[in-house]
Undergrad: 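Take this structure first; my questions come after.
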2 protein chains.
Amino acid sequence: MDSPDPSRSKRTAFLLSQLGALASARFAERTRELGLTPSDAGVLRLLGRTPGLSQRSLADRLGAVPSRVVPLIDSLETRGLVTRERSSTDRRNYELRLTDEGMKALGKLRGIAERHEAELLAPLTSEQSAQLGSLLARLASAHALDTDLHRDTTVQ
Amino acid sequence: MDSPDPSRSKRTAFLLSQLGALASARFAERTRELGLTPSDAGVLRLLGRTPGLSQRSLADRLGAVPSRVVPLIDSLETRGLVTRERSSTDRRNYELRLTDEGMKALGKLRGIAERHEAELLAPLTSEQSAQLGSLLARLASAHALDTDLHRDTTVQ
DNA sequence: AAAAATGATTCACCTGTTGAATGATTCTGT
DNA sequence: ACAGAATCATTCAACAGGTGAATCATTTTT
């Protein structure tokens, strides 16, 4: 039952990587049931919060490269969740917005995120959960991860 | 500077995903300076702990598929860090072992892991670090992540 | 001895991602 | 107003990491 190395339990950084991957994988499972990827979810969330965003600024906030955003929006537009409309003031830009269906999807995603979090933190008491949240928030802030910017595989 | 949604800070599951990705990315940077991938590091660590392992059981402990292990060992063998030797008792199996160079690399990796952890947890006091470690260990254990088995991108 | 199981390998393939080049539009300095 | 620089979206070739099916050699089962 114990670690094979009795003198020291597993490294905290290791646990963080493992649990982070677990959390991402579980979240991806859930969004897949809606036919969405975690990246799709990130786009919907951002457009819900900031309608009219251009693909460029969406890419920035997502921590992605602009060329990555193109097929992402393509797919969401095809499925009727997002609209592209040329900005009247700067016709280089698109203005991206959620359709009604997109808003509905976003609502479902919020529910998913809630259940996801509840499931993940189920093994902890509510005090422990709060403590964990506070410690992680402190870490994220110190490592400049507290913006809306998501990097690497964390684009969700 | 504040979150655009003032009523609630960011979800803990989200922070976990983000910080896990950050930890993985930083670790990957460091191993890359040794010319190793995180997967290489996982192989070396496991072979250091359990010499003579077959590729099959290595795959099991890594949470990988056997065909994935082949190029991994190929590369390590080419670089002189690992040896393949047919088992005398069952000539289907290889017995994998670290060379002296492999052991040296493993030593460097341990140093890297130590500095990695120190850097990651630097924003916390030592009590907070201990607390975080304990909470994460509890979560990992409850989610059956406490074995040597690494899944997904966590193969390091 | 025949049949089934096991370990390693190959191979075609997939997903997600990146960077460079391109065309359209807008901005800048003179 | 104009030439040149910058910006947005897009395409495209390419890459890394990873997977599953098929194959061959060997061992186990019956």
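These values consider heavy atoms only, across backbone and side chains, with no hydrogens, waters or symmetry-generated copies. Just so you know, these numbers come straight off a predicted model, no measurement behind them. Just so we're on the same page: letters track the sequence lines, and every chain starts at 1.
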Undergrad: Of the listed nucleotides (dT25(C), dA9(D), dT9(C)), which one gets closest to any side-chain atom of Tyr94(A)?
TA: dA9(D)

Undergrad: Record whether the side chain of Arg91(B) comes under 3.5 Å of the base of dT26(D) through a donor-acceptor pair of N or O atoms.
TA: no

Undergrad: Please state how far atom CG in Asp90(B) lies from atom C1' in dA8(C), giving the value in whole angstrom units.
TA: 12 Å

Undergrad: Please give, in whole Å, the distance from dT9(C) P to Asn93(B) CG?
TA: 11 Å

Undergrad: Where each residue is assigned the nucleotide of DNA chain C containing its nearest heavy atom, which of Thr37(A) and Glu95(B) is assigned the position nearer the 5′ end?
TA: Glu95(B)

Undergrad: Using a strict 4.0 Å threshold on nitrogen-to-oxygen distance, state whether Glu117(A) and Arg26(A) make a salt bridge.
TA: no

Undergrad: Atom CG of Asp74(B) and atom P of dG17(D): how far apart are they, to the nearest Å?
TA: 15 Å

Undergrad: Restricting both atoms to N or O, compile the protein contacts to nucleotides 19-23 of chain D shorter than 3.5 Å, with distance only.
TA:
from: dG20(D); atom 1: O6; to: Ser67(B); atom 2: OG; distance (Å): 3.1

Undergrad: Take atom CG of Leu36(B) and atom P of dG17(D), then tell me their distance rounded to the nearest Å.
TA: 13 Å

Undergrad: Charged N to carboxylate O under 4.0 angstrom, Glu95(B) versus Arg97(B)?
TA: yes

Undergrad: Once you round it to whole Å, what is the distance between P of dA16(D) and CG of Leu72(B)?
TA: 15 Å

Undergrad: Donor-acceptor check, side chain of Thr99(A) to backbone of Gly80(A), threshold 3.5 angstrom: yes or no?
TA: yes

Undergrad: How close or far is atom C1' of dT25(C) from atom CD of Gln55(A), stated in whole angstroms?
TA: 15 Å

Undergrad: In whole Å, what is the span from the CZ atom of Arg92(B) to the P atom of dA4(C)?
TA: 16 Å

Undergrad: Tell me which of Thr89(A) and Pro71(A) sits closer to the 5' end of DNA chain C, going by the nucleotide each one is nearest to.
TA: Pro71(A)

Undergrad: Salt-bridged, Arg56(B) to Asp60(B), with N to O below 4.0 Å?
TA: yes

Undergrad: For dT25(C), does either OP1 or OP2 sit under 4.0 Å from a side-chain N or O belonging to Arg56(A)?
TA: no

Undergrad: With the threshold set at 4.0 Å, does a side-chain nitrogen-carboxylate oxygen contact exist between Arg45(A) and Asp40(A)?
TA: no

Undergrad: Between Lys108(A) and Glu33(A) (salt bridge meaning N to carboxylate O under 4.0 Å), is one present in this structure?
TA: no

Undergrad: Just how far, in rounded Å, is C1' of dC8(D) from CD of Glu85(A)?
TA: 17 Å

Undergrad: So, Thr50(A) side chain and Leu53(A) main chain: donor-acceptor pair closer than 3.5 Å or not?
TA: no

